[in-house]
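To start, the structure itself, in structure tokens.
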Amino acid sequence: MLWFYSDVGHTQEAKKELVEIVQFDSSEEVFITPKPTRLIQRILQIASDKDSIILDSFAGSGTTAHAVPKQNAEDGGQRQFILVEMEPKVAVDVTAERVRRVAMGYTNANGKAVGGLGSGFQFCRLSEKPLFEADGQLYTALLSGL
Ligand SMILES: C[S@@+](CC[C@H](N)C(=O)[O-])C[C@H]1O[C@@H](n2cnc3c(N)ncnc32)[C@H](O)[C@@H]1O
């Protein structure tokens with residue numbers, strides 16, 4: 001199967017999407033190979049159900065958390081996501097910041113207001129404690145004040 005740039009985007013498109021949402025102090029800080037949301041949406045269309053939980057254990061710039069609510073908005077889905085990012089600064093300044101802005105709306109780099117997609121999220125710091133309690137609830141001591 002061939003996926004063309006025109007259908008699923010490319011790295012330059014992904015960088016443009018990213019810098020429109022999250023500010024970076026310098027161009028060196030921008031991710032080298034972020035994924036375009038259109039690419040992740042194509043994967044969601046093929047490989048998920050409308051109520052799937054999507055795991056991305058290399059979250060980086062948070063494209064997955066952007067693509068999931070976009071896809072939900074397009075097809076009426078209720079997918080949720082779990083992202084894991086090991087670099088604290090990336091997790092706070094980029095991944096979580098992107099998710100927050102996508103959910104709540106933001107003013108893009110051109111000064112245009114972009115409406116939020118309405119999803120929410122919880123930010124947890126992992127430790128030696130298990131992430132989930134026996135009843136499936138998040139271990140609340142891990143919830144950050146973000
Ligand atoms: C190439 S980036 C991911 C790009 C992402 N798909 C996007 O569109 O932005 C890989 C990320 O995974 C993180 N990472 C690498 N090893 C990891 C691990 N073992 N657990 C969690 N995150 C990890 C890195 O810090 C980096 O931010």
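Whatever order the structure lists them in is the order used to number ligands and atoms, beginning at 1.
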Side-chain atoms of residues 103-117: list all donor-acceptor pairs with protein atoms under 3.5 Å, sequence neighbours left out, distances to 0.1 Å.
from, atom 1, to, atom 2, distance (Å)
Asn108, OD1, Asn110, N, 2.8
Asn108, OD1, Gly111, N, 3.2
Asn108, OD1, Lys112, N, 3.0

Side-chain donor-acceptor contacts of residues 80-89 below 3.5 Å, not counting sequence neighbours, with atom names and distances?
from, atom 1, to, atom 2, distance (Å)
Glu85, OE1, Gly60, N, 2.9
Glu85, OE2, Glu87, N, 3.0
Lys89, NZ, Asp93, OD2, 2.7

Cationic N near anionic O, under 4.0 Å, Lys70 to Glu74: no
Around Ile32, counting heavy atoms of other residues, nucleotides and ligands shown, do more than 12 lie under 6.0 Å from its CD1? no
Can you list, by chain and residue number, every protein residue with a non-hydrogen atom closer than 4.0 Å to ligand 1? Phe31, Pro34, Lys35, Ser57, Phe58, Ala59, Gly60, Ser61, Thr63, Val84, Glu85, Met86, Glu87
Evaluate Gln12 against Lys16 for side chain to side chain contact (heavy atoms under 4.5 Å, CB included), listing each step before the verdict. CA-CA 6 Å; Gln12 286 310 315; Lys16 188 162 173 281; over 6 Å; no
Tell me which donor-acceptor pairs under 3.5 Å the side chains of residues 61-69 have, and how far apart each pair is, sequence neighbours excluded?
from, atom 1, to, atom 2, distance (Å)
Ser61, OG, Thr63, OG1, 3.3
Ser61, OG, Arg98, NH1, 3.3
Thr63, OG1, Lys35, O, 3.1
Thr63, OG1, Arg98, NH1, 3.3
Thr64, OG1, Asp56, OD2, 2.6
His66, ND1, Arg98, NE, 3.3
His66, ND1, Arg98, NH2, 3.0

